[in-house]
Amino acid sequence: MTAPQPWPATVPLLAPRLYLEPLRVEHAREAVTLLDDPRLHTWTGGAPSTLAQLETRYARQSTGRSPDGAQGWLNWMLRRTADAQLIGTVQTTLRRPSAARLEATLAWVIGVDYQGNGYGREAALTMARWLRAHGATELVAYIHPEHEASMGIALALGLTASEAMVGGEVLWSG
């Protein structure tokens, strides 16, 4: 039996106005205040995490794969290049539905104070280009049917909405 292919490793990426830093546990101290806004959970549910919860999550996510190795986990923290301010995150969960396919499920979060400036689009496009260059054959996102900003990002990525709903979100793919 052939050993499974390793997942790509998260590497630093540079966008025109953003630096995408590979996730580290140490990001939790800075991210806890950025993500401590209930408005960020309007579309996704849940509530802001505590520092301890973020540290635990980031320790798990920064390993780069699920515990059983069935999924690759790539996470980046977004920092403006102009002032080094942390403004959000982008992430992808990778899976191999077949030997010839690498599916990347994308997600993004931009802090409320930084929304409306195109940062989500810029970061998601940078991540998507990198993923495609590293073998991703399909990009997927699950988006609340009323979240217009995220739908705009999905369109910029070349994704198309389907009729499929999963957990109250529309499946976009391309």
Check your understanding: How many angstroms lie between atom CD1 of I153 and atom CD of E148, to the nearest 0.5 angstrom?
Key -> 12.5 Å
Point to revise | W43 and H147 aromatic ring geometry - parallel, tilted or perpendicular at 30°/60° bounds | key: tilted
Revision key, fill the gap. What one should report as the nearest heavy-atom pair of P48 and H41 is N-NE2, 3.4 Å
Review point. How long is the gap from CG on L20 to CG on N75, to the nearest 0.5 Å?
Key: 11.5 Å
Exercise for review: Report the C-alpha separation of R17 and E122 in whole Å, then their side-chain angles, then the decisive distance to 0.1 Å, and conclude whether the side chain to side chain contact (heavy atoms under 4.5 Å, CB included) test is met.
Suggested key: CA-CA 8 Å; R17 300 175 297 156; E122 184 175 325; 2.7 Å; yes
**Study point:** Audit row: T92, W73, side chain to side chain contact (heavy atoms under 4.5 Å, CB included) steps and yes/no
**Key:** CA-CA 6 Å; T92 185; W73 293 343; over 6 Å; no
Review point. Are S173 and S162 close enough that some pair of their side-chain heavy atoms sits under 4.5 Å apart?
Key: no
Point to revise | Note, V25 side chain near R57 side chain (heavy atom, < 4.5 Å) | key: no
Review point. Going through the distances and angles, do Q85 and R79 end up as a side chain to side chain contact (heavy atoms under 4.5 Å, CB included)?
Key: CA-CA 5 Å; Q85 178 65 46; R79 205 173 284 286; 5.8 Å; no
Check your understanding: So which heavy atom on R39 is nearest to which on D37, and how close?
Key -> NH2-OD2, 2.6 Å
Review point. Which atom names give the shortest non-hydrogen contact between G111 and L34, and what distance separates them?
Key: CA-CD1, 3.8 Å
Check your understanding: Taking a hydrophobic cluster as the set of Ile, Leu, Val, Met, Phe, Trp and Tyr residues connected by side-chain heavy atoms closer than 4.5 Å, whether directly or through intermediates, do V112 and V109 fall within one such cluster?
Key -> yes
Review point. Sequence neighbours excluded, which residues qualify as side chain to side chain donor-acceptor pair (under 3.5 Å) partners of S66?
Key: D68
Exercise for review: Go through the steps for Y58 and E26 under the test side chain to side chain contact (heavy atoms under 4.5 Å, CB included), then give the verdict.
Suggested key: CA-CA 8 Å; Y58 290 179; E26 296 79 20; over 6 Å; no
**Study point:** Side chain proximity check, L131 to L106, heavy atoms < 4.5 angstrom
**Key:** yes
Practice item. Would you name the heavy atoms of T137 and A100 that are closest together and state the gap between them? Key: CG2-O, 3.8 Å
**Study point:** Euclidean distance, E103 CD relative to E138 CD, rounded to 0.5 Å
**Key:** 5.0 Å
Exercise for review: Please list, chain by chain and in numerical order, all residues satisfying salt bridge (charged side-chain N to carboxylate O under 4.0 Å, His left out) with R132, sequence neighbours excluded.
Suggested key: none
Exercise for review: Flag the pair R60 and E55 as a salt bridge only when some basic side-chain nitrogen lies within less than 4.0 angstrom of an acidic carboxylate oxygen.
Suggested key: no
Study note, to complete from the structure: In short, L102 meets G135 closest at the heavy-atom pair CB-O, 3.4 Å
Check your understanding: Would you say the side-chain atoms of E30 pair up with the backbone N or O of H27, donor to acceptor, closer than 3.5 Å?
Key -> no
Review point. Hey, are W108 and S150 close enough side-chain-wise for a donor-acceptor pair under 3.5 Å?
Key: yes
Review point. Is it true that W76 and L14 fall in one hydrophobic cluster, defined by side-chain heavy atoms closer than 4.5 Å?
Key: no
Review point. Honestly curious: do V90 and L86 fall in one hydrophobic cluster under the side-chain, below-4.5 Å linking rule?
Key: yes
Exercise for review: Hey, could you give me the CH2/CD1 distance between W172 and I143, rounded to the nearest 0.5 Å?
Suggested key: 5.5 Å
Check your understanding: Taking everything shown except R24 itself, do over 12 heavy atoms lie less than 6.0 Å from its CZ?
Key -> yes
Exercise for review: State the CG-CG distance between L18 and L13, to the nearest 0.5 angstrom.
Suggested key: 11.0 Å
**Study point:** Gap between atom CE of M127 and atom CD of Q91 - 0.5 Å precision
**Key:** 8.0 Å
Review point. Under 4.5 Å between side-chain heavy atoms, hopping through other hydrophobics if needed: is there a path connecting L171 to M165?
Key: no
Review point. Do R96's NZ or CZ and the ring of W7 fall within the cation-pi criteria of under 6.0 Å and 45°?
Key: yes
Check your understanding: Is there a donor-acceptor pair closer than 3.5 Å between any side-chain N or O of Q115 and the backbone N or O of I110?
Key -> yes
Review point. How close do L74 and A9 get, heavy atom to heavy atom, and via which atoms?
Key: CD2-C, 4.2 Å
**Study point:** Under the side-chain contact (heavy atoms from CB on, under 4.5 Å) test, residues paired with V32 that sit two or more places apart
**Key:** L51, L54
Check your understanding: Does one hydrophobic cluster hold both V140 and L159, with members joined at side-chain heavy-atom distances below 4.5 Å?
Key -> no
